[in-house]
Amino acid sequence: MTRIPVSLGPEVTRKMDVQSELGPVCDILLAAKSVCLLTGAGISAESGIPTFRGEEGLWKTYRAEQLATFQAFIQDPRLVWEWYDWRRGIIASKEPNAGHKVITEWEELFPYFNLITQNIDGLHQRAGSKNVIELHGNIWKHRCIDENTISENHDVPLKEIPPRCDKCGALLRPHVVWFGESLDGSILHKSFQLSSGCDVMFSIGTSAVVQPAASLPLNAAEAGAKVIEINPDPTPITGSADFSFRAKSGEFLPILDKELKRRTKQKKG
Ligand code: OAD
């Protein structure tokens, strides 16, 4: 296991002997045909969007069962929508960070590249990623609870709380997966297929405690892929990772990207 303490700040990041520390990871990535990424709330943390767990996490202040379950929604749709409206306002006021931007460039860098995210904030798409597999839905989409029709809505703040379906008048809900709900079967199946078939799997900015998403890197490892974790803190998958970098993704991904591109150029030239 290789650990690089880049979380100690920009000074340490600058002094780090990038070439020798990142060498083995770059070798693996440059030989890889298929690269898969799983991202979590941590990738958006440096954009200023709160994560769920940890000291400043949303679940420290808010109770998931009062805001992120279907029962809570049916009991008090206004309260639940007010919370989502507030979160939409925060997300809309933030920008993708350097980590999101590197990931958009990797779509072109690797022959097969797949991005799977647990995030509902849409920041990967705003950064420019084209193919994003969203395991937990998207906060910018509404779903009619009667007809199951999905529509995009980017109003900040929402014009009506709770919003209602234009066609049938039923309540609209956020198109996100709540506690106690199943993930979309085809999205999940595709994600497991991709994690089984890749050569390298990244786990970035996720506490790796929410299933089934947390199983994707382990599934990849079992199928023979190299697993690379990027997180300032250890997680339950750290022990199964081939490389675990104690780092912020917005700092570390640009360093890795720069080194990858330097080596690619060197190989060609
Ligand atoms: P968590 O809030 O559980 O975990 C965020 C992770 O990001 C933690 O492990 C942090 O250490 C790490 N982190 C913080 N800052 C970081 C940075 N700058 N760079 C890299 N990593 C950083 O978020 P998730 O793992 O995404 O589900 O949570 C999984 C699911 O739980 C979410 O999708 C959500 C939540 O309940 C639903 O809404 C269905």
Side-chain angles (χ1 to χ4, degrees), residues 3-10 13 37-70 72-73 80 83-84 87-88 90-91 94 96-103 115-124 132-141 143 173-184 187-188 191 202-218 228-238 241 243-256:
R3 292 204 173 102
I4 296 179
V6 294
S7 58
L8 295 178
T13 305
L37 260 77
L38 172 70
T39 63
I43 187 91
S44 297
E46 286 155 273
S47 294
I49 299 175
T51 59
F52 293 93
R53 295 169 187 82
E55 277 316 303
E56 315 258 295
L58 288 173
W59 298 148
K60 275 267 174 189
T61 316
Y62 301 97
R63 291 182 57 186
E65 61 274 26
Q66 284 176 351
L67 295 163
T69 64
F70 188 68
F73 177 71
V80 171
W83 191 62
Y84 276 91
R87 286 178 61 196
R88 284 162 59 108
I90 295 178
I91 295 165
K94 308 297 181 193
N97 63 55
H100 293 109
K101 288 188 185 129
V102 164
I103 293 171
L115 170 59
I116 305 168
T117 189
Q118 296 166 86
N119 297 348
I120 62 173
D121 58 25
L123 254 69
H124 282 302
V132 186
I133 299 173
E134 294 180 314
L135 284 174
H136 293 163
N138 188 305
I139 201 165
W140 303 108
K141 289 180 181 166
R143 190 164 87 235
R173 58 167 283 177
H175 180 52
V176 299
V177 178
W178 280 327
F179 287 96
E181 295 183 327
S182 301
L183 276 63
D184 179 294
I187 292 177
L188 192 59
S191 303
F202 279 87
S203 176
I204 305 176
T206 175
S207 58
V209 294
V210 173
Q211 295 293 354
S215 294
L216 290 169
L218 303 176
I228 303 169
E229 177 177 60
I230 303 169
N231 196 313
D233 294 320
T235 75
I237 70 149
T238 301
F243 299 89
S244 189
F245 294 101
R246 291 285 151 274
K248 292 183 176 178
S249 44
E251 285 184 18
F252 182 77
L253 284 170
I255 294 171
L256 176 57

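Because only heavy atoms are used, hydrogens play no part in the values below, and waters and symmetry mates are left out as well, while side chains stay in. Atoms within a ligand are numbered from 1 in the order they appear, just like the ligands themselves. Not measured: the values here are computed from a predicted model.
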One finds that the ligand 1 atoms under 4.0 Å from a non-hydrogen atom of K248 are 17 (C), 18 (N), 19 (N)
For ligand 1, which atoms, with element, lie under 4.0 Å from some heavy atom of A45?
15 (N)
For a 4.5 angstrom cut-off between non-hydrogen side-chain atoms, does I43 reach I103?
yes
Is the contact between Q118 and ligand 1 made by the side chain, the backbone, both, or neither, using heavy atoms and a 4.0 Å cut-off?
both
Examine F52 against ligand 1 and note whether any of their N/O atoms are separated by less than 3.5 Å.
yes
Any residue meeting side-chain contact (heavy atoms from CB on, under 4.5 Å) with E181, in chain and number order, not counting sequence neighbours
F70, R173, V177, W178
Could you give the distance from CG (L183) to CD (Q211), rounded to the nearest 0.5 Å?
10.5 Å
Can you report which non-hydrogen protein atom sits closest to atom 37 (C) of ligand 1, along with the distance?
H136 ND1, 3.8 Å
What do you reckon, does F179 put a non-hydrogen atom under 4.0 Å from ligand 1?
yes
Tell me the contacting part of T206 for ligand 1: side chain, backbone, both, or neither, using a 4.0 Å heavy-atom threshold, strictly below.
both
Validation row: Q118, L38 side chains within 4.5 angstrom (heavy atoms)
yes
Atoms of ligand 1 close to E46 [distance to a heavy atom under 4.0 angstrom, numbered from 1]
17 (C), 18 (N), 19 (N)
Whether D121 side chain and I139 backbone form a donor-acceptor pair below 3.5 Å
no
Hey, does the side chain of E229 reach the backbone of A241 with a donor-acceptor pair shorter than 3.5 angstrom?
no
Regarding ligand 1, does P232 bring an N or O atom to under 3.5 Å of one of the ligand's N or O atoms?
no
Can you see whether R246 engages S244 through a side-chain donor-acceptor pair at a distance of less than 3.5 angstrom?
yes
Just to confirm my output: which protein heavy-atom neighbour is closest to atom 30 (C) of ligand 1, and how far is it?
V210 CG2, 3.7 Å
When distances are taken from atom 12 (C) of ligand 1, the protein heavy atom at minimum range is N231 OD1, 3.4 Å
Residue pair F202 / L256, side-chain heavy-atom distance below 4.5 Å
yes
Hey, looking at atom 28 (O) of ligand 1, which of E229, R53, E134 has the closest heavy atom?
R53
Could you list which atoms of ligand 1 come closer than 4.0 Å to a heavy atom of A41?
23 (O), 24 (P), 26 (O)
Do you know the tightest heavy-atom contact between S249 and I204?
CB-CG2, 3.6 Å
Atom 16 (C) of ligand 1 has as its nearest protein heavy atom G42 O, 3.5 Å
Run I120 and E134 through side chain to side chain contact (heavy atoms under 4.5 Å, CB included) and show every step you take.
CA-CA 7 Å; I120 62 173; E134 294 180 314; over 6 Å; no
Suppose I only count heavy atoms of G40 and a 4.0 Å limit; which atoms of ligand 1 are within that range?
26 (O)
Is it the case that ligand 1 has an N or O less than 3.5 angstrom from some N or O of N119?
no
Atom 6 (C) of ligand 1 has as its nearest protein heavy atom G205 O, 3.4 Å
List the closest protein heavy-atom neighbour of atom 19 (N) of ligand 1: residue, atom name, distance to the nearest 0.1 Å.
S249 N, 2.9 Å
N/O donor-acceptor pair under 3.5 Å between S44 side chain and S47 backbone
no
Nearest protein heavy atom to atom 36 (O) of ligand 1, by residue and atom, and its distance?
W59 NE1, 3.2 Å
With a 3.5 Å distance limit and no angle check, can you tell me whether N138 reaches the backbone of W140 through a side-chain donor-acceptor pair?
yes
For V177, state whether at least one heavy atom is located under 4.0 Å from any atom of ligand 1.
yes
